[in-house]
Protein chains: 2
Amino acid sequence: MNQLLRNNIARHVSLSEDQLQQFHDLFEPRLFKKKSYFLSEGQICAHEGFVLKGLFRVYHVDAKGVEQVLYFAPEDWWIADIDSFSNQKPSNLFIEALEDSEVLVISRKNKDLAYEHFPAIEKLFRIMTQKTHVALQRRMIDNLSKTADKRYQDFLAKYPDLYNRLSNRQIAAYLGISHEFLSKIRNKLAKEK
Amino acid sequence: MNQLLRNNIARHVSLSEDQLQQFHDLFEPRLFKKKSYFLSEGQICAHEGFVLKGLFRVYHVDAKGVEQVLYFAPEDWWIADIDSFSNQKPSNLFIEALEDSEVLVISRKNKDLAYEHFPAIEKLFRIMTQKTHVALQRRMIDNLSKTADKRYQDFLAKYPDLYNRLSNRQIAAYLGISHEFLSKIRNKLAKEK
DNA sequence: GAAAAACATTGAACAAGTTCAACAAACGCA
DNA sequence: TGCGTTTGTTGAACTTGTTCAATGTTTTTC
């Protein structure tokens with residue numbers, strides 16, 4: 001039983017050691033090289049993944065070819081296109097490894113099995129989805145009410161560890177601004193100090 | 001058993017008539033006059049509500065006093081501050097009736113009871129949260145990639161029924177723009193035709 | 001270790017959206 | 001029915017952010 005996954009689960013629900021092990025057995029480890037894709041637009045998301053090592057970006061590409069990053073997923077995060085995975089329909093997202101990564105993946109079939117056999121797993125994913133939803137609501141409000149400048153500083157404060165692992169282009173795509181403008185913000189902030 | 005609630009549930013999971021009735025018995029009907037609040041900032045969200053009649057707005061007020069609308073909830077929608085309700089912590093949202101409204105409410109205690117006794121209810125709320133999360137992701141992407149002009153037109157196309165029931169100020173607060181600018185967009189669109 | 005590719009920075013011109021102020025129209029209610 | 005409040009509109013000046021193009025820097029890759 002992987003420790004990172006065990007702690008991730010234990011943070012939300014309590015499961016017996018035996019059940020934890022059974023749940024764990026439904027996953028299989030998989031490696032992703034930097035720049036390889038966990039999921040591409042058009043594909044049906046067949047697996048949900050728990051990141052053990054590395055870093056992914058989950059993003060959308062709009063009609064003009066501009067990328068919007070929904071979130072970054074480093075160690076201890078889950079990756080999937082929920083919509084595509086749950087409803088077995090083609091995804092409109094990309095999930096790309098930004099570093100060589102290690103993931104525990106579970107198939108749709110095995111996840112249904114887990115839901116069926118372990119009510120606590122159903123609860124676990126309800127709670128996790130609620131939390132990510134609350135976080136996204138928070139981000140939505142911030143995007144509507146704060147300037148890019150403030151959002152950048154908030155990002156740095158919230159994800160200090162990610163800052164060194166991401167290019168400014170990636171951060172700009174997360175903040176919803178052009179990378180040129182982010183460069184100007186950085187310049188301005190540097191001068192202020 | 002209320003028909004609107006029955007259909008809302010049946011759309012996602014299947015429950016026996018008996019279980020549906022037992023679940024329904026955990027709710028109580030409540031009336032909200034126009035301009036009254038289902039929830040105010042600072043309060044702990046004690047109930048989750050299912051709107052039978054009327055219309056609510058769920059919004060946040062930022063440091064400058066500007067309101068951001070997270071969503072509108074007409075008939076057949078659920079209302080609550082998930083974060084406050086789940087974690088019993090003070091809310092930073094307002095949920096206000098925009099029309100005289102009728103709501104079925106369930107307390108935190110009764111909802112826990114339902115989760116405990118009916119696994120299908122746990123599943124129901126997992127699925128519903130997933131759906132609202134996917135919808136919010138979609139909206140996040142749109143806000144990052146589309147102009148206010150396009151977002152306004154999309155809003156009209158998506159919620160044609162809400163259009164007549166909301167002031168332009170409310171719609172502007174949802175789109176994340178000033179009401180003056182919305183007025184200019186409307187003017188421009190009217191001229192184009 | 002060199003060439004190619006991706007990344008970061010800067011400036012100038014432009015587009016999108018805000019703010020403030022003034023006024024007209026519609027609504028709520030006593 | 002009328003008065004006060006909220007809502008919608010418009011214009012001018014301003015701020016925030018984009019686009020494009022040029023230049024230098026760092027990373028990949030073979």
Side-chain angles (χ1 to χ4, degrees), chain A residues 33-36 55 57 59 61-69 72 94 96-100 142-156 162-193, chain B residues 33-36 54-55 57 59 61-69 72 96-100 142-156 162-193:
Chain A
K33 282 224 167 274
K34 183 170 177 171
K35 293 196 183 176
S36 70
L55 176 60
R57 64 195 264 250
Y59 67 102
V61 180
D62 72 18
K64 289 178 206 135
V66 179
E67 299 175 357
Q68 293 91 35
V69 171
F72 298 109
F94 294 89
E96 183 197 6
L98 293 177
E99 301 173 357
D100 289 348
D142 286 353
N143 262 282
L144 293 176
S145 64
K146 296 178 177 168
T147 62
D149 185 322
K150 182 81 174 86
R151 265 145 52 210
Y152 176 61
Q153 296 189 65
D154 288 353
F155 180 84
L156 294 189
L162 285 187
Y163 168 67
N164 327 318
R165 298 164 74 182
L166 293 169
S167 68
N168 288 330
R169 291 172 115 91
Q170 301 299 348
I171 296 176
Y174 178 88
L175 298 176
I177 58 178
S178 66
H179 67 275
E180 293 98 329
F181 189 53
L182 176 56
S183 179
K184 285 160 197 172
I185 288 173
R186 287 161 50 79
N187 183 295
K188 198 200 73 183
L189 291 178
K191 275 183 188 157
E192 281 175 8
K193 294 190 177 168
Chain B
K33 281 223 168 276
K34 184 171 176 171
K35 293 195 182 176
S36 70
L55 176 61
R57 63 195 264 250
Y59 67 102
V61 179
D62 72 18
K64 290 180 207 135
V66 179
E67 299 175 357
Q68 292 92 34
V69 171
F72 297 108
E96 182 197 7
L98 294 176
E99 300 173 359
D100 289 348
D142 286 352
N143 262 282
L144 293 176
S145 64
K146 295 178 178 170
T147 62
D149 185 323
K150 182 80 174 87
R151 265 144 54 211
Y152 176 61
Q153 297 189 64
D154 288 354
F155 180 84
L156 295 189
L162 285 187
Y163 169 65
N164 327 315
R165 297 165 74 181
L166 293 169
S167 67
N168 288 329
R169 290 172 117 92
Q170 301 300 348
I171 295 175
Y174 178 87
L175 298 176
I177 57 176
S178 66
H179 66 276
E180 293 98 327
F181 189 54
L182 176 55
S183 178
K184 284 161 198 171
I185 288 172
R186 286 161 51 78
N187 182 295
K188 198 200 74 182
L189 291 178
K191 275 182 187 156
E192 281 176 6
K193 294 192 179 169

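Lettering of chains follows the sequences in order, A, B, ..., and the numbering in each one begins at 1.
In this structure, K150(B) NZ and L175(B) CG are separated by 12.5 Å, a value rounded to the nearest 0.5 Å. For the atom pair K191(A) NZ and N187(A) CG, the distance stands at 4.5 Å (nearest 0.5 Å). In this structure, NZ in K188(A) is found 8.0 Å from CZ in F181(A), a value given to the nearest 0.5 Å. Here CG of L98(A) is found 7.0 Å from CZ of F72(A). Values are rounded to the nearest 0.5 Å.
A heavy-atom distance below 4.5 Å is found between the side chains of L189(A) and Q153(A). In this structure, V61(A) and V66(A) have side chains that are not in contact, with every pair of non-hydrogen atoms separated by 4.5 Å or more. Counting heavy atoms from C-beta outward, L144(A) and V69(B) have side chains that stay 4.5 Å or more apart.
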Using a 3.5 Å cut-off and no angle test, enumerate the donor-acceptor pairs between side-chain atoms of residues 162-172 of chain A and protein atoms at least two apart in sequence or in another chain.
| from | atom 1 | to | atom 2 | distance (Å) |
| --- | --- | --- | --- | --- |
| R165(A) | NE | E99(A) | OE2 | 2.8 |
| R165(A) | NH1 | E75(A) | OE1 | 3.4 |
| R165(A) | NH2 | G54(A) | O | 3.1 |
| R165(A) | NH2 | E75(A) | OE2 | 2.8 |
| R165(A) | NH2 | E99(A) | OE1 | 3.0 |
| S167(A) | OG | Q170(A) | N | 3.3 |
| Q170(A) | OE1 | R57(A) | NE | 2.8 |

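Two residues, R186(A) and K146(B), neighbour DNA chain C, and the one matched to the more 5' nucleotide by heavy-atom proximity is R186(A). Nearest-nucleotide positions on DNA chain C place T147(B) closer to the 5' end than the other of K35(B) and T147(B).
Remark on the helix from dG1(C)-dC30(D) to dA30(C)-dT1(D): inter-end axis angle 70°, axes from five-pair C1' superpositions, rounded to 10°.
When DNA chain D is scanned in the 5' to 3' direction for atoms under 4.0 Å from non-hydrogen atoms of chain B, the outermost contacting nucleotides are dT7(D) to dA12(D). Here the range on DNA chain C touched by chain A, meaning any atom under 4.0 Å from one of its heavy atoms, is dC7(C) to dA12(C).
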Open item on the list: Go through it in stages, so that I can follow the logic: the residues are E96(A) and Y59(A), the test is side-chain contact (heavy atoms from CB on, under 4.5 Å), and I'd like the CA-CA distance, side-chain angles, deciding distance and then a yes or no.
Closed with: CA-CA 8 Å; E96(A) 183 197 6; Y59(A) 67 102; 4.0 Å; yes

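Across residues 174-184 of chain B, G176(B), I177(B), S178(B), E180(B), F181(B), K184(B) each have a non-hydrogen atom less than 4.0 Å from an atom of DNA chain C (numbered order).
With salt bridges taken as basic N to acidic carboxylate O contacts below 4.0 Å, none links R151(A) and D142(A).
Side chain of D100(A) to backbone of K33(A): no donor-acceptor contact under 3.5 angstrom is found.
Shortest non-hydrogen contact noted between E67(A) and A173(A) is O-CB, 3.5 Å.
Listed by chain and residue number, Y159(A), Y174(A) satisfy the ring-ring contact (aromatic ring centres under 6.0 Å, His included) test with F155(A) (two or more places apart in sequence, or in another chain).
Note on K34(B): only backbone sugar-phosphate atoms sit closer than 4.0 angstrom, heavy atoms only; bases stay farther off.
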